[in-house]
Amino acid sequence: MTEFVTIATFNFVHEISVLKSILDRENIPYLFQNENLVSIDPMASLAYGGIQLKIHPNDILAVQTILDDLNNNLKIV
């Protein structure tokens, strides 16, 4: 995992739910660093640096496309 890079940071666990399912469906290896810490203590998310999405450098373009698509099309009411 030392060669994985951080591509995005999230503040709360619920923000990564849809993204996890998409990455699994696309068979893209990933790691959400601090996910468990933030799920236990959500108000300290900033102290932990948030939930960091780490991926292999070869997958940066694919994951960036997924993130852009989610940001442009996901509407939360």
Problem set entry | Heavy-atom check, side chain of Glu35 versus side chain of Lys20, under 4.5 Å | yes
For this session: Check whether any side-chain N or O of Asn11 sits under 3.5 Å from a backbone N or O of Gly50 as a donor-acceptor pair, and report yes or no.
Result: no
Problem set entry | Spacing of CD1 belonging to Ile28 relative to CD1 belonging to Ile60, to within rounding of 0.5 Å | 11.5 Å
Problem set entry | Check: Phe12 main-chain N/O paired with Glu15 side-chain donor or acceptor under 3.5 Å | yes
Problem set entry | Rounded distance (nearest 0.5 Å) linking atom CD1 of Ile22 with atom CG of Leu70 | 4.0 Å
Exercise. For the residue pair Tyr30 and Phe32, does the interplanar ring angle fall in the parallel (under 30°), tilted (30 to 60°) or perpendicular (over 60°) class?
Worked result: perpendicular
Exercise. Does a side-chain heavy-atom distance below 4.5 Å link Gln64 with Ile7?
Worked result: yes
Exercise. So among Ile16, Asn36, Thr9, which one has a side chain to side chain contact (heavy atoms under 4.5 Å, CB included) with Ile51?
Worked result: Ile16
Exercise. Quick check: does any side chain N or O of Ser45 sit under 3.5 Å from a backbone N or O of Pro42, one acting as donor and the other as acceptor?
Worked result: no
Problem set entry | Spacing of CD belonging to Gln33 relative to CZ belonging to Phe4, to within rounding of 0.5 Å | 12.0 Å
Exercise. Is the shortest heavy-atom distance from the side chain of Leu53 to the side chain of Ile55 under 4.5 Å?
Worked result: yes
Exercise. Counting distance only, does the side-chain N/O of Asn72 pair as donor-acceptor with the main-chain N or O of Asp68 below 3.5 Å?
Worked result: yes
For this session: Would you check if the side chain of Asn34 reaches a backbone N or O of Tyr48 as a donor-acceptor pair within less than 3.5 Å?
Result: yes
Problem set entry | side chain to side chain contact (heavy atoms under 4.5 Å, CB included), paired with Leu19, selected from Asp24, Ile66, Val63 | Ile66
